[in-house]
Amino acid sequence: ITRHQPCSKLPEEVMMMIFDYLSYSDIITMATCCKSIAEFVNRNFVPGVILPLSTQNLRKLKGRNVLCLKSTFNIMTLQKYRKGEYLRNLSKIQLSRLQKLVFVLYERTDESPYPYDHILPP
């Protein structure tokens with residue numbers, strides 16, 4: 001009978017320092033390599049959040065770092081909707097380790113009525 005051996009015996013602070021140098025895709029990949037790293041990633045990170053974010057879903061983040069933030073709404077719309085509740089929730093998200101930011105912008109022209117995805121570099 002073999003026992004589960006943790007992939008990393010490093011202290012959590014050191015792991016966080018190492019993960020500072022990893023890209024978004026590397027972190028997601030690392031989470032699949034072994035159980036202990038997957039638990040570390042799930043404890044400390046949220047792979048992606050889509051705006052608008054309700055107060056109920058904000059609670060589910062539990063202070064974890066968001067790696068990817070996507071918005072399907074114009075920021076000005078979020079500011080006006082529900083008296084700015086969704087935009088205020090944005091200020092409560094841990095974005096210090098954000099690596100990917102995606103906004104969907106709608107351009108109203110005769111040639112292209114479809115939305116564009118614009119990915120902004122970190």
Side-chain angles (χ1 to χ4, degrees):
I1 299 174
T2 60
R3 240 188 239 185
H4 168 71
Q5 294 293 324
C7 293
S8 173
K9 294 183 181 184
L10 293 173
E12 197 152 309
E13 296 84 19
V14 174
M15 290 287 289
M16 287 298 277
M17 290 169 60
I18 292 169
F19 273 65
D20 279 343
Y21 292 98
L22 298 177
S23 69
Y24 171 78
S25 60
D26 289 340
I27 292 173
I28 301 305
T29 303
M30 290 286 291
T32 63
C33 77
C34 77
K35 186 177 179 179
S36 64
I37 292 181
E39 289 170 356
F40 170 79
V41 169
N42 288 332
R43 232 183 0 263
N44 293 288
F45 301 102
V46 175
V49 170
I50 299 175
L51 295 177
L53 184 65
S54 68
T55 306
Q56 294 82 6
N57 286 335
L58 179 64
R59 284 189 215 112
K60 292 179 184 178
L61 297 179
K62 298 179 184 172
R64 294 179 290 165
N65 297 290
V66 173
L67 296 175
C68 175
L69 182 65
K70 297 179 182 183
S71 176
T72 57
F73 284 83
N74 183 315
I75 294 295
M76 294 307 291
T77 303
L78 290 176
Q79 184 178 4
K80 295 174 185 175
Y81 188 69
R82 290 196 177 180
K83 298 180 183 176
E85 173 191 346
Y86 289 143
L87 202 54
R88 281 192 305 277
N89 287 344
L90 180 61
S91 67
K92 299 173 185 173
I93 299 174
Q94 294 290 333
L95 298 175
S96 60
R97 297 185 192 279
L98 185 69
Q99 294 197 11
K100 192 173 180 184
L101 180 61
V102 180
F103 284 99
V104 178
L105 304 176
Y106 295 93
E107 185 176 304
R108 304 286 182 199
T109 65
D110 293 335
E111 300 126 18
S112 177
Y114 302 105
Y116 295 99
D117 281 349
H118 290 279
I119 300 177
L120 304 176

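Residue numbers count from 1 along this sequence.
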So how far is it from [X] [atom1] to [Y] [atom2], rounded to the nearest 0.5 Å?
| X | Y | atom1 | atom2 | result |
| --- | --- | --- | --- | --- |
| L98 | C68 | CG | SG | 7.5 Å |
| M15 | L22 | CE | CG | 9.0 Å |
| I27 | N65 | CD1 | CG | 9.0 Å |
| L101 | L67 | CG | CG | 13.0 Å |

Give the minimum heavy-atom separation between [X] and [Y], together with the two atoms involved.
| X | Y | value |
| --- | --- | --- |
| N42 | R64 | O-NH1, 2.9 Å |
| K92 | L58 | CD-CD2, 3.5 Å |
| P47 | I28 | CB-CD1, 3.7 Å |
| A31 | A38 | O-CB, 3.0 Å |
| T29 | T32 | O-OG1, 2.6 Å |

**Prompt:** What class does the angle between the rings of F19 and F45 fall in, given that below 30° is parallel, 30 to 60° is tilted and above 60° is perpendicular?
**Reply:**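 The arrangement is parallel - the two ring planes meet at less than 30°.
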
Taking only residues two or more places apart in sequence or in another chain, which ones pass side-chain hydrogen bond (donor to acceptor under 3.5 Å, both in side chains) with [X]?
| X | answer |
| --- | --- |
| Q56 | S54 |
| D26 | S23 |
| R43 | E12 |

**Message:** Is it the case that the side chain of Q94 and the backbone of L61 share a donor-acceptor pair, with hydrogens and angles ignored and the cut-off at 3.5 Å?
**Reply:**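 Not confirmed, Q94 side chain does not pair with L61 backbone.
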
**Asked** Taking only residues two or more places apart in sequence or in another chain, which ones pass side chain to side chain contact (heavy atoms under 4.5 Å, CB included) with I18?
**Response**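 If we apply the side chain to side chain contact (heavy atoms under 4.5 Å, CB included) test to I18, skipping adjacent residues, the hits are L10, V14.
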
**Prompt:** Taking only residues two or more places apart in sequence, or in another chain, which ones meet K60 in a side chain to side chain contact (heavy atoms under 4.5 Å, CB included)?
**Reply:**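 Residues passing side chain to side chain contact (heavy atoms under 4.5 Å, CB included) with K60: N57.
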
**Message:** If the condition is ring-ring contact (aromatic ring centres under 6.0 Å, His included), which residues does Y24 pass it with, not counting sequence neighbours?
**Reply:**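 For Y24, no residue satisfies ring-ring contact (aromatic ring centres under 6.0 Å, His included) once neighbours in sequence are set aside.
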
